[in-house]
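Below is one structure; the comments refer to it alone.
Computed over heavy atoms, backbone and side chain alike; hydrogens, waters and symmetry mates excluded. Residues take their numbers from the sequence shown, with the count starting at 1.
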Amino acid sequence: MGLFRNRSGATAPQRPRPGVLANGVRLRSAQHRATGFDILEQVVNRQRPRHYAELPHLVECGHQWLAATPTPTSVMCFNDFGDDFVVVAAWQHESGADFGLFMLGAAGAGPDAPVIAHWRAGDPSLAPVGTIAARSIALTEPPVRPNFAEEIVRTAGFAVTPANIAAMRDLVIELILIKAQEYISTKSRQLAIQFAASHRQSTDAQMILRDLGTRYTDVLPYIQDLPARIRALILVPESRGNIAARMPQP
């Protein structure tokens with residue numbers, strides 16, 4: 001029982017609870033934040049090309065800023081070429097932008113994170129300028145824009161009618177529930193079935209994701225790209241025939 005006891009009597013550091021990230025590294029760039037994110041997207045894409053043409057590596061990250069410092073202008077997240085989950089917050093300034101880079105795990109992120117070196121190759125002005133305290137940011141469910149279903153209908157080239165938008169909304173919810181069941185089934189098949197059944201009549205994709213992320217916080221890193229992934233899957237040309245059959249367009 002005392003075999004692995006710390007000789008100093010100090011307790012081991014506790015890992016952040018799921019959803020709350022450890023310390024991050026602050027980076028400063030002369031580029032606009034949007035340009036910085038574009039460069040980072042290109043860097044990751046060179047290492048691991050997009051799975052779907054419409055699915056970017058960087059997606060909007062559901063988050064809550066917990067620190068007493070100014071809230072970020074925007075927050076994106078992605079899986080880097082080592083398949084590590086990375087969150088990047090951005091603060092826009094007149095002369096450029098600051099970025100905060102966070103990673104999963106008790107160790108947090110440091111200036112030697114491999115993705116930083118690759119990012120700096122695309123943006124020579126990017127440089128580490130300090131750290132960001134642990135527990136400054138927490139993951140929440142990914143955002144779903146209010147016009148999400150309508151935008152997919154329009155982009156796919158279907159008639160933008162109330163019936164088509166409702167059909168697309170139902171399809172999006174169906175796909176979210178399929179993925180939710182996959183995640184929850186790793187814990188309990190019965191809980192997965194119950195979750196799907198209790199949300200099947202919902203018309204609010206954001207609420208379903210919120211319930212999923214609240215009940216199972218450990219899945220939050222894995223569902224951040226779910227809205228974007230569903231959109232990309234629907235927009236794949238090979239899917240068009242099956243999707244068209246579900247659109248009650250005239």
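A distance-only check finds no donor-acceptor pair linking the side chain of Glu141 to the backbone of Gly213 [under 3.5 Å]. A donor-acceptor pair is defined here as one N or O able to donate and one able to accept, closer than 3.5 Å; such a pair exists between the side chain of Asp80 and the backbone of Asp83. In this structure a side-chain-to-backbone donor-acceptor pair under 3.5 Å is missing from Glu150 to Ile165. When atom types are taken as modelled, the side chain of Gln224 and the backbone of Leu220 share a donor-acceptor pair closer than 3.5 angstrom. Checking side-chain atoms of Asp204 against main-chain N and O of Met207 turns up a donor-acceptor pair under 3.5 Å. The backbone N or O of Ile234 lies less than 3.5 Å from no partner atom in the side chain of Ser239, so there is not a single donor-acceptor pair. Side-chain atoms of Thr217 never come within 3.5 Å of backbone atoms of Thr214 as a donor-acceptor pair (strictly under, hydrogens ignored). Judged purely by atom type and a 3.5 angstrom limit, Tyr216 has no side-chain atom pairing as donor or acceptor with the backbone of Ala180. At distances below 3.5 Å, at least one donor-acceptor pair connects side-chain atoms of Ser188 with backbone N or O atoms of Leu191. Of the possible polar contacts, one joining the Asn164 side chain to the Ala159 backbone as a donor-acceptor pair under 3.5 Å is found.
The 12-atom threshold is not exceeded at CZ of Arg189, counting heavy atoms of other residues, nucleotides or ligands nearer than 6.0 Å.
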task: Please test Arg145 against Glu60 for salt bridge (charged side-chain N to carboxylate O under 4.0 Å, His left out), starting from the C-alpha separation and ending with a verdict.
output: CA-CA 11 Å; Arg145 298 181 183 276; Glu60 287 186 79; 2.5 Å; yes
Residues Asn242, Arg246; criterion side chain to side chain contact (heavy atoms under 4.5 Å, CB included); working and verdict: CA-CA 7 Å; Asn242 292 332; Arg246 301 182 60 141; over 6 Å; no
Derivation of the side chain to side chain contact (heavy atoms under 4.5 Å, CB included) call for Val88 and Leu40: CA-CA 10 Å; Val88 182; Leu40 184 55; 4.1 Å; yes
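Inter-residue side-chain proximity for Leu139 and Pro221 is flagged as met; some heavy-atom pair is nearer than 4.5 Å. Side chains of Pro142 and Ile223 form a contact here, defined as non-hydrogen atoms less than 4.5 Å apart. Looking at heavy atoms from C-beta onward, Asp225 lies out of side-chain contact with Phe78 at the 4.5 angstrom threshold. A 4.5 Å side-chain heavy-atom check between Leu55 and Arg231 finds every atom pair outside the cut-off. Under the 4.5 Å side-chain criterion, counting only non-hydrogen atoms from C-beta, Thr161 is not in contact with Val153. With contacts defined as side-chain heavy-atom distances shorter than 4.5 Å, the pair Val87/Cys77 qualifies. Counting heavy atoms from C-beta outward, Leu226 and Leu209 have side chains that approach closer than 4.5 Å. Inter-residue side-chain proximity for Arg154 and Met168 is flagged as unmet; no heavy-atom pair is nearer than 4.5 Å.
Ion pairing between a basic and an acidic side chain is recognised when a charged N comes within 4.0 Å of a carboxylate O; Lys187 and Asp218 show such pairing.
In this structure, the separation between CZ on Arg28 and CZ on Arg26 is 7.0 Å, given to the nearest 0.5 Å. To the nearest 0.5 Å, atoms CD1 (Ile230) and CD (Glu54) are separated by 15.0 Å. Remark: Lys179 NZ to Leu175 CG distance equals 10.5 Å, nearest 0.5 Å. From Gln201, atom CD reaches atom CG of Asp170 across 9.0 Å, with rounding to the nearest 0.5 Å. Taking OG of Ser202 as the start and CG of Leu177 as the end, the distance is 8.0 Å to the nearest 0.5 Å. Between Asp211 atom CG and Arg215 atom CZ the span is 5.0 Å, to the nearest 0.5 Å.
Donor-acceptor pairing under 3.5 Å is lacking for the side chains of Thr203 and Arg169. For Ser198 and Gln194, the side-chain atoms include no donor-acceptor pair closer than 3.5 Å. His57 and Asn45 form a side-chain donor-acceptor contact under 3.5 Å, judged by distance and modelled atom types alone.
A continuous path of Ile, Leu, Val, Met, Phe, Trp and Tyr side chains, each step under 4.5 Å between heavy atoms, connects Val219 with Ile137, placing both in one hydrophobic cluster. Taking hydrophobic clusters as Ile, Leu, Val, Met, Phe, Trp and Tyr residues chained together by side-chain heavy-atom distances below 4.5 Å, Val172 shares a cluster with Ile208. The hydrophobic cluster containing Val43 does not contain Val59, counting ILVMFWY residues as joined when their side-chain heavy atoms lie under 4.5 angstrom apart, directly or transitively. Under a hydrophobic-cluster definition in which Ile, Leu, Val, Met, Phe, Trp and Tyr are linked whenever side-chain heavy atoms come within less than 4.5 Å, directly or via other members, Phe148 and Val160 are assigned to the same cluster. Residues Tyr222 and Val144 are members of one and the same hydrophobic cluster, defined by side-chain heavy-atom contacts under 4.5 angstrom among Ile, Leu, Val, Met, Phe, Trp and Tyr.
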Enumerate donor-acceptor pairs with a distance under 3.5 Å from any side-chain N or O in residues 100-123 to protein atoms, sequence neighbours excluded.
unit_1, atom_1, unit_2, atom_2, d
Trp119, NE1, Gly36, O, 3.3
Arg120, NE, Leu126, O, 2.9
Asp123, OD1, Ser125, N, 3.1
Asp123, OD1, Ser125, OG, 2.6
Asp123, OD2, Ser29, OG, 2.6

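Nearest heavy atoms, Glu238 versus Val236: OE1-CG1, 2.6 Å. Closest approach of Cys61 to Met76, counting heavy atoms only: CB-C, 3.9 Å. Ile173 and His199 get closest at one heavy-atom pair: CG2-O, 4.5 Å. Shown here for Trp65 and Pro70, the closest heavy-atom pair between the two residues is NE1-O, 3.5 Å.
Cation-pi contact between Arg240 and Phe158: present, with separation from the ring centre below 6.0 Å and deviation from the ring axis of at most 45°.
Checked against the 6.0 Å centroid threshold, Phe99 and Phe37 count as a close aromatic pair.
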